[in-house]
Amino acid sequence: MKLVILMYLRGDADCVDRLLTESQVPVYSRMEMEGIAKGAGGGWYGESPPFSSEMIVAVVPDGVAGALLEAVAGCKGVQDPGHPIRALQLDVERETACRCE
């Protein structure tokens with residue numbers, strides 16, 4: 001099993017949804033988040049304004065994770081090339097769930 005995390009600008013959500021469907025990721029969690037870039041920028045105080053971003057977390061079989069990362073690597077035409085869709089893959093050592101009755 002693998003844990004895959006995708007981070008992207010909210011404007012690229014349709015592209016990410018397509019990548020998930022094509023890579024056969026059936027279940028995932030999506031969270032809104034704010035991307036921060038410290039340093040010189042165009043903001044009032046010299047910092048970049050926050051970016052409207054999203055993050056997806058999915059636990060998937062190894063092959064599905066590999067297909068998804070390959071799909072992300074081949075993706076073109078994002079909203080802002082300076083903020084590409086990013087994918088991280090981590091090994092899942094152990095998994096469990098509660099016994100709901």
Side-chain angles (χ1 to χ4, degrees):
M1 298 290 284
K2 303 290 184 189
L3 173 70
V4 177
I5 300 170
L6 299 174
M7 297 180 295
Y8 55 94
L9 293 179
R10 192 167 296 139
D12 292 323
D14 289 343
C15 180
V16 170
D17 288 343
R18 180 179 49 79
L19 294 172
L20 292 166
T21 300
E22 290 174 358
S23 301
Q24 300 180 338
V25 177
V27 178
Y28 55 88
S29 297
R30 182 187 319 248
M31 297 158 268
E32 292 184 8
M33 58 185 208
E34 190 174 83
I36 306 294
K38 295 289 184 181
W44 185 261
Y45 297 103
E47 293 186 358
S48 298
F51 300 99
S52 296
S53 302
E54 292 185 351
M55 181 169 64
I56 285 181
V57 177
V59 177
V60 296
D62 294 6
V64 173
L68 180 55
L69 265 70
E70 287 180 26
V72 169
C75 185
K76 295 181 177 150
V78 295
Q79 174 184 338
D80 178 357
H83 295 89
I85 299 168
R86 298 190 186 276
L88 305 154
Q89 175 183 305
L90 302 137
D91 289 328
V92 175
E93 293 183 28
R94 190 173 170 193
E95 176 189 10
T96 190
C98 66
R99 295 181 185 231
C100 303
E101 294 183 30

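None of the values given here were measured: they were computed from a predicted structure.
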Original post:
Is the closest side-chain heavy-atom distance between L68 and V60 below 4.5 Å?
Top reply: no
Original post:
Out of curiosity, L6 CG to L69 CG, how far, rounded to the nearest 0.5 Å?
Top reply: 7.5 Å
Original post:
Mind checking whether M33 and V57 sit in one hydrophobic cluster, side chains of I, L, V, M, F, W, Y counted as touching below 4.5 Å?
Top reply: yes
Original post:
Is there side-chain contact between L9 and V78, with at least one heavy-atom pair below 4.5 Å?
Top reply: no
Subject >> Distance-minimising heavy-atom pair for S53 and R10 >> reply: O-NH2, 3.5 Å
Original post:
Linking I/L/V/M/F/W/Y whenever their side-chain heavy atoms sit closer than 4.5 Å, directly or via other members, would V59 and V72 fall into one cluster?
Top reply: no
Show me, pair by pair, the donor-acceptor contacts under 3.5 angstrom made by side chains of residues 86-97, not counting sequence neighbours?
residue	atom	partner	partner atom	Å
D91	OD1	K2	NZ	2.2

Original post:
Does the side chain of I85 reach to within under 4.5 Å of the side chain of L19, using non-hydrogen atoms?
Top reply: yes
Subject >> Connected via hydrophobic side-chain network under 4.5 Å: M31 and L3 >> reply: yes
Original post:
Where do C75 and R18 come nearest, in terms of heavy atoms and distance?
Top reply: SG-NH2, 4.5 Å
Original post:
Closest heavy-atom contact between R30 and Y8?
Top reply: NH1-OH, 3.0 Å
Subject >> M7 side, atom CE; I56 side, atom CD1 - distance, nearest 0.5 Å >> reply: 12.0 Å
